[in-house]
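A short worksheet on the structure shown next.
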Amino acid sequence: MVNMHGEYKVPGGKLVVADLDVVDEHVRNAQISGDFFLEPDDALERINGALAGLQVDTSAAQVAARVRGALGDGVEMLGFSPEAVAVAVRRAVTGATGWRDHEWEFVHDVPREPALQMALDEVLTEQVGAGERPPTLRVWEWASNAVIIGSFQSLRNEVDLDGAARHDVTVVRRISGGGAMFVEPGNTITYSLYVPESLVSGLSFTESYAFLDDWVIGALNDLGVAATYQPINDITSPAGKIAGAAQKRPAGGAVLHHVTMAYDMDASKMVEVLRIGREKLSDKGTTSANKRVDPLRSQTGLDRADVISRMVGTFRNRYGLLDGMISDDTVALAEERVAAKFGTEEWLTRVP
């Protein structure tokens, strides 16, 4: 018999823990626990009973359906759901790790040019995957204005190159998907998480976005910002969008999750550089690009450095964080990637 343990903190909700006794690839006994609310009391026994006999390779959707079928009508689940139970079970059987299972390193990097930032993201992700550095939280500093387009975006459809040149904006392409981001030094907060795949094991891609963003949403809430996660990859508030996230999972055992947040913004300049289509604006429920992004400065009244400090403090209090650095060898390797890939016309125009 093998004992398996999995935990899942529901974004904006409660912790769900699955402890499973597994024999011959089947769950013999299951115990679901957590700080959730559940009525009536015997509903927990029904959940545990629904999991007994389950094959360990059962999909999350099938597990959730099994739990829902066992509960029937008249059950109140507060702070969790059958889907949350299924995620906890999947994390147990896939050997997922928790945040506190890792020693996290923090790097508040020096200002770097946009292409080098793109290369560093790739190199640092590979290093975490290879076990050459611990899981890392990196806060970026930008050396110049930039537009960063997603890996699969068309350059000519997304960027007005004349506008970019007029406003001294460097255009680069990142390795992750998603939409274009407009950044100015001092007006943007950008960070990357380089995490082992085990941390998001048992989660769908959409679930992993919410899971990896939960700490920063908590930090923003503590700052008085009514921030919430909006699928697939946005952090928003009643005043407007705050940030966009993107992920890349290269072969090698690590996940890159990076987020760009608007601290302050020259919206008129942004719309001269980015070709923000009418369809995209209407999809976000607004008719003006100025209303699409609401800077953190207006919502917090804090200096940018204070916002970053409070964010990092939240991460440190939740999961622990040791101060680290990026070695000269790592920077040199990233510079080689700039020359071979991220600084080339071929990479920038891979989707013309």
Side-chain angles (χ1 to χ4, degrees), residues 1-102 195-215 217-218 221 228-233 245 247 249 253 255 257 318-319:
M1 184 169 64
V2 178
N3 299 314
M4 297 182 173
H5 178 89
E7 299 184 3
Y8 177 55
K9 168 65 169 61
V10 180
K14 298 298 184 178
L15 177 68
V16 182
V17 181
D19 288 293
L20 312 175
D21 296 332
V22 175
V23 178
D24 295 330
E25 301 298 304
H26 287 76
V27 176
R28 174 174 290 181
N29 298 300
Q31 179 63 67
I32 298 298
S33 61
D35 60 354
F36 48 77
F37 299 92
L38 179 64
E39 294 290 346
D41 201 58
D42 67 356
L44 184 61
E45 297 176 15
R46 282 182 262 167
I47 293 174
N48 293 335
L51 300 176
L54 196 73
Q55 289 188 197
V56 295
D57 61 353
T58 303
S59 70
Q62 290 172 318
V63 174
R66 188 162 171 162
V67 170
R68 184 174 289 104
L71 289 175
D73 298 328
V75 174
E76 289 288 334
M77 305 178 76
L78 302 178
F80 79 128
S81 64
E83 287 72 22
V85 172
V87 171
V89 168
R90 290 299 305 158
R91 285 177 64 76
V93 300
T94 58
T97 56
W99 292 91
R100 284 281 182 178
D101 292 325
H102 304 281
V195 310
E197 284 184 331
S198 60
L199 185 66
V200 296
S201 182
L203 302 176
S204 68
F205 271 84
T206 300
E207 289 165 343
S208 71
Y209 274 90
F211 179 77
L212 294 175
D213 283 336
D214 186 63
W215 70 274
I217 289 173
N221 292 163
T228 56
Y229 165 72
Q230 180 175 314
I232 300 175
N233 63 328
Q247 278 187 23
R249 303 191 181 191
V255 176
H257 181 90
R318 284 193 182 193
Y319 311 129

Between [X] (side chain) and [Y] (backbone), is there a donor-acceptor pair under 3.5 Å?
X	Y	answer
Asp19	His5	no
Asn48	Asn29	no
Asp35	Lys14	no
Gln62	Ser59	yes
Tyr229	Tyr209	no
Arg91	Ser201	yes

Filter on ring pair (Phe, Tyr, Trp, His ring centres under 6.0 Å), then keep only pairs touching residues 41-85, sequence neighbours left out; what's left? Phe36-Phe80

So, do [X] and [Y] sit near enough that their side-chain heavy atoms are less than 4.5 Å apart?
X	Y	value
Asp213	His257	yes
Ser204	Arg90	no
Asp214	Arg318	yes

Stepwise side-chain contact (heavy atoms from CB on, under 4.5 Å) check, Asp21 with Val27: CA-CA 6 Å; Asp21 296 332; Val27 176; over 6 Å; no

Looking at [X] and [Y], what are the two nearest heavy atoms and their distance?
X	Y	answer
Gly202	Glu207	O-OE1, 4.2 Å
Leu20	Ala30	CD2-CB, 3.7 Å
Ala64	Ala86	N-CB, 3.7 Å
Ala18	Ala92	O-CB, 4.0 Å
Met77	Pro82	SD-CD, 3.5 Å
Ala43	Leu71	O-CD2, 3.7 Å

Separation between [atom1] of [X] and [atom2] of [Y], rounded to the nearest 0.5 Å:
X	Y	atom1	atom2	answer
Thr94	Leu203	OG1	CG	8.0 Å
Gln247	Thr206	CD	OG1	9.5 Å
Gln31	Asn3	CD	CG	13.0 Å

Has Arg249 got its NZ or CZ under 6.0 Å from the middle of the six-membered ring of Phe205, at an angle within 45 degrees of the ring axis? yes

Applying side chain to side chain contact (heavy atoms under 4.5 Å, CB included) between Leu199 and each of Asp101, Val255, Thr97, report the one that passes. Thr97

Give a yes or no on whether [X] atom [atom1] has more than 12 heavy-atom contacts from other residues, nucleotides or ligands under 6.0 Å away.
X	atom1	result
Asp41	CG	no
Ile232	CD1	no
Arg100	CZ	yes

Side-chain donor-acceptor pairs of residues 49-58 under 3.5 Å, sequence neighbours excluded:
from	atom 1	to	atom 2	distance (Å)
Gln55	NE2	Asp57	OD1	3.1
Thr58	OG1	Gln55	O	2.7

